[in-house]
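Below is one structure, written out as structure tokens; the observations come after it.
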Amino acid sequence: MAKEITLREENYSQWYLDIVKKAGLSDNSAVRGCMVIKPYGYAIWEKMQAQLDKMFKETGHVNAYFPLFVPKSLFEAEEKNAEGFAKECAIVTHYRLKNDPDNPGKLMVDPNAKLEEELIVRPTSEAIIWNTYRDWIQSYRDLPLLINQWANVVRWEMRTRPFLRTAEFLWQEGHTAHATKEEAIQEAKIIHEIYARFAEDFMAMPVIKGSKSENERFAGADDTFTIEALMQDGKALQAGTSHFLGQNFAKAFEVKYLTSENKEEYVWATSWGVSTRLIGGLIMTHSDDEGLVLPPKLAPIQVVIVPIPKPEPEIMLVADRINDELKAKGISVKIDSDEKNRPGFKFAEYEMKGIPVRVGIGKRDLENGVVEIARRDTKEKTQVSLDTVSQYIEKLLDDIQENLFQRALAYRTAATTNVDSMEQLLEVLDTKGGFCLAHWDGTSETEEKIKELTKATIRCIPDESILEEGKCILTGKPSKQRVIFARAY
RNA sequence: CGGGGCGUAGCGCAGCCCGGUUAGCGUACCUGGUUUGGGACCAGGUGGUCGCAGGUUCGAAUCCUGCCGCCCCGACCA
């Protein structure tokens with residue numbers, strides 16, 4: 001059966017769609033722009049959730065849940081934020097259907113059931129949350145308020161791609177309130193750091209930490225911190241943002257507290273989020289022309305055991321033993337005892353699904369006291385003695401995790417270029433793509449103009465960069481550090 | 001919103017231009033058998049409102065009109 005994947009070099013975007021479909025991550029749905037996340041794709045999301053949730057809780061955050069709908073009057077309270085999202089909002093205007101007298105068996109919107117005030121389906125929850133925080137916060141003793149929610153949001157996108165951009169998506173959004181500006185900035189940076197650590201240590205996806213330029217900043221934020229990853233096709237992916245919101249929402253929603261000196265002050269705020277988009281990033285960081293490649297720490301199944309040629313008792317006995325040993329080490333294992341498909345089919349199938357380690361057990365192996373271990377990242381196969389197999393796999397999973405990160409890092413390093421002129425920027429973008437480090441005069445107008453000319457935007461102003469005197473590649477005005485330009489998803 | 005493409009079995013497609021038996025192929029699925037160390041083979045079988053509505057015709061998947069939906073490229077995208 002031909003489960004062919006389009007080659008990356010042939011058509012990267014088709015390759016991506018093939019992986020998503022053939023690895024069983026998602027399906028199109030009857031709703032334009034909305035996808036069905038299938039069990040295997042959702043399992044990856046659950047792994048991400050579990051880890052992030054742990055990291056949030058370790059830093060003092062708690063989960064809560066706020067409504068899907070936001071009354072229009074609340075939504076528009078913080079003007080910049082409202083403006084930023086206005087063009088992509090879904091709006092609920094009615095609350096009832098009725099039988100259509102002109103079309104038997106069909107329903108119509110009941111014109112008598114018009115809402116007095118329209119409800120916006122949340123594109124993000126600042127408005128409804130800050131309206132609630134007003135009631136929750138009275139004194140400095142109520143601060144800081146550190147809340148996260150796992151939720152779905154809707155942004156009516158013109159053009160969608162599975163995971164990377166869909167009309168509805170799943171994410172977490174943290175919303176915190178603080179007594180001081182410094183503490184709020186600190187909070188945004190703590191989360192920024194958590195996101196970077198999650199991306200690198202769990203997704204094995206190298207990221208550059210930085211700040212957004214004014215143009216790219218979250219609407220309603222004073223400062224946006226971002227982690228930016230580089231995909232295999234040379235395009236950048238914004239993978240997680242953490243915003244310092246100043247007192248913008250506190251003022252819009254009148255959220256004040258009394259200090260210990262009995263003075264009334266507005267609180268300081270942050271918000272931060274990562275979404276199912278990370279799954280898109282995961283795919284485009286590691287996968288190859290044979291299918292998905294998953295880092296062990298996020299693989300729903302880390303090891304699959306395939307009996308060769310079929311699950312006969314003596315083989316299953318060994319399979320069960322290895323399974324028990326691995327489970328005792330906290331490693332997730334699947335024994336494929338299905339008799340319908342042959343081993344070759346299973347090999348291809350599990351490669352498509354990106355399972356990090358495959359164990360093949362055949363009679364010939366058992367006679368020699370070994371099993372065959374294949375790693376997904378390099379496709380290498382080794383014979384490993386039965387006595388040491390579980391220790392071997394435990395270490396192999398760590399090796400794969402590390403190798404994936406190093407491989408992605410090496411690619412990013414190779415795809416990062418210092419550019420010193422507009423001509424060079426365009427040339428690099430059109431040939432190898434990637435991150436282009438260039439001097440910029442710091443103005444929105446210049447960024448806008450460069451975007452017009454090259455379709456590249458400033459992905460971030462890196463946190464860790466060497467200060468270096470230079471001249472803006474467009475205007476020639478002085479600049480103190482290079483920023484990252486790239487074409488982005 | 002512009003430009004292009006597509007809608008026929010779960011999936012992928014042919015048939016349409018030039019109307020005519022019972023709508024076909026691959027794959028998947030079911031049954032039986034032979035196989036089995038990298039996507040097995042043979043035989044038999046199940047499965048279809050041909051996107052929807054209307055029109056032309058003795059007769060429409062095929063021609064005409066209208067509608068709906070999806071995909072791709074672009075514009076847009078904290």
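Below, chain A is the first sequence line, B the second, and so on; all start at residue 1.
The side-chain heavy atoms of A:Ile120 and A:Phe69, taken from C-beta on, include no pair separated by under 4.5 Å.
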What nitrogen or oxygen pairs link the protein and nucleotides 30-35 of chain B at under 3.5 Å?
unit_1: B:U35; atom_1: O2; unit_2: A:Arg342; atom_2: NH1; d: 3.2

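Across all strands shown, A:Tyr16 has no heavy atoms under 4.0 Å from either base or sugar-phosphate atoms. Base engagement by A:Lys363 is indicated by at least one non-hydrogen atom pair under 4.0 Å involving a base atom. Counting any heavy atom pair closer than 4.0 Å across all strands shown, A:Gly84 reaches no nucleic acid atom. Contacts of A:Arg161 with the nucleic acid, taken as non-hydrogen atoms under 4.0 Å apart, are absent. Looking at heavy-atom distances under 4.0 Å, A:Thr224 makes no contact with the nucleic acid at all. Among the atoms of the strands shown, none is found under 4.0 Å from any heavy atom of A:Gln14. Counting non-hydrogen atoms under 4.0 angstrom, A:Asp365 reaches a base of the nucleic acid.
Contact annotation: A:Lys455 side-chain N/O to B:A75 OP1/OP2 distance is under 4.0 Å.
Spacing between B:C16 and B:G7 at atom P, rounded to whole Å, works out to 13 Å. Comparing the P positions of B:A60 and B:U21 gives an interatomic distance of 12 Å, to the nearest angstrom. The same atom, P, is picked in B:C1 and in B:G10; the two are 32 Å apart, to the nearest Å. B:U62 and B:U8 are spaced 14 Å apart, taking the P atom of each and rounding to whole Å. Straight-line distance between the C1' atoms of B:G5 and B:G51: roughly 16 Å, to the nearest whole Å. Atom P of B:G59 sits at a distance of 26 Å from the matching atom of B:G48, rounded to the whole Å. Between B:C70 and B:G12, the two C1' atoms lie 16 Å apart (nearest whole Å). Straight-line distance between the C1' atoms of B:C29 and B:A9: roughly 11 Å, to the nearest whole Å.
One donor-acceptor pair, N or O on each side, does fall under 3.5 Å between the base of B:G38 and the side chain of A:Glu351. Judged by distance alone, with hydrogens and angles left aside, A:Arg32 brings no side-chain donor or acceptor close enough to the base of B:C70 to form a pair under 3.5 Å. Side chain A:Asn341 to base B:G39: no donor-acceptor pair is found below 3.5 Å. The base of B:G38 sits with one of its N or O atoms less than 3.5 Å from a complementary donor or acceptor on the side chain of A:Lys381.
One atom, CG of A:Asp336, and another, P of B:U36, lie 19 Å apart when rounded to the nearest Å. Atom-to-atom, NZ of A:Lys22 to P of B:G12 comes out at 10 Å; the value is rounded to the nearest Å. Across the protein-nucleic acid pair, A:Ile373 atom CD1 and B:G37 atom C1' stand 15 Å apart, rounded to whole Å. In this structure, the CD1 atom of A:Ile5 is 13 Å from the C1' atom of B:G39, given to the nearest Å. What separates CZ of A:Phe345 from P of B:C29 is a distance of 8 Å, to the nearest Å. In this structure, A:Ile308 atom CD1 and B:G38 atom P are separated by 8 Å, rounded to whole Å. Regarding A:Asp27, its CG atom lies at a distance of 12 Å from the P atom of B:C71, rounded to whole Å. The CD-C1' distance, from A:Gln383 to B:G37, rounds to 10 Å in whole Å.
Of the two residues contacting RNA chain B, namely A:Gln238 and A:Met158, the nearest-nucleotide position lying further toward the 5' end is that of A:Met158.
With sequence neighbours left out, the salt bridge (charged side-chain N to carboxylate O under 4.0 Å, His left out) criterion links A:Lys346 to A:Asp336. Take A:Glu193 and apply the side-chain contact (heavy atoms from CB on, under 4.5 Å) test, not counting sequence neighbours, and it matches A:Lys209. Among residues two or more places apart in sequence or in another chain, the side-chain contact (heavy atoms from CB on, under 4.5 Å) test is passed with A:Ile301 by A:Lys334, A:Ile355. When the side-chain hydrogen bond (donor to acceptor under 3.5 Å, both in side chains) test is applied to A:Gln247, no partner is found at least two apart in sequence or on another chain. Residues passing the side-chain contact (heavy atoms from CB on, under 4.5 Å) test with A:Glu452 are A:Lys449, sequence neighbours excluded. Every side-chain contact (heavy atoms from CB on, under 4.5 Å) that A:Ile185 has, sequence neighbours left out, goes to A:Lys181, A:Lys189, A:Phe244.
Which of B:G12, B:G37, B:C76 sits closest to the side chain of A:Lys21 comes down to B:G12. Of the listed nucleotides (B:G38, B:C72, B:G37), B:C72 has the atom at the smallest distance from the side chain of A:Leu17. Side-chain atoms of A:Arg165 lie closest to B:C77 of the nucleotides B:A75, B:C77, B:G37. Residue A:Asn28 places its side chain closer to B:C71 than to any other of B:C76, B:G37, B:C71.
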Between side-chain atoms of residues 33-44 of chain A and protein atoms elsewhere (two or more places apart, or another chain), which donor-acceptor pairs fall under 3.5 Å?
unit_1: A:Tyr40; atom_1: OH; unit_2: A:Lys353; atom_2: O; d: 2.7

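Helical stems in RNA chain B, defined as runs of 3 or more consecutive Watson-Crick or G-U wobble pairs with donor-acceptor distances under 3.5 Å: B:1-7 with B:68-74, B:10-13 with B:24-27, B:29-34 with B:40-45, B:51-55 with B:63-67.
Nearest heavy-atom pair, A:Ser287 versus A:Gln232, reported as atom, atom and distance to 0.1 Å: O-NE2, 2.9 Å.
Residues A:Trp272 and A:Phe218 keep their aromatic ring centres 6.0 Å or farther apart.
More than 12 heavy-atom neighbours from other residues, nucleotides or ligands sit within 6.0 angstrom of CD on A:Glu312.
In this structure, A:Arg358 is positioned above the aromatic face of A:Phe347, its NZ or CZ under 6.0 Å from the six-membered ring centre and within 45° of the axis.
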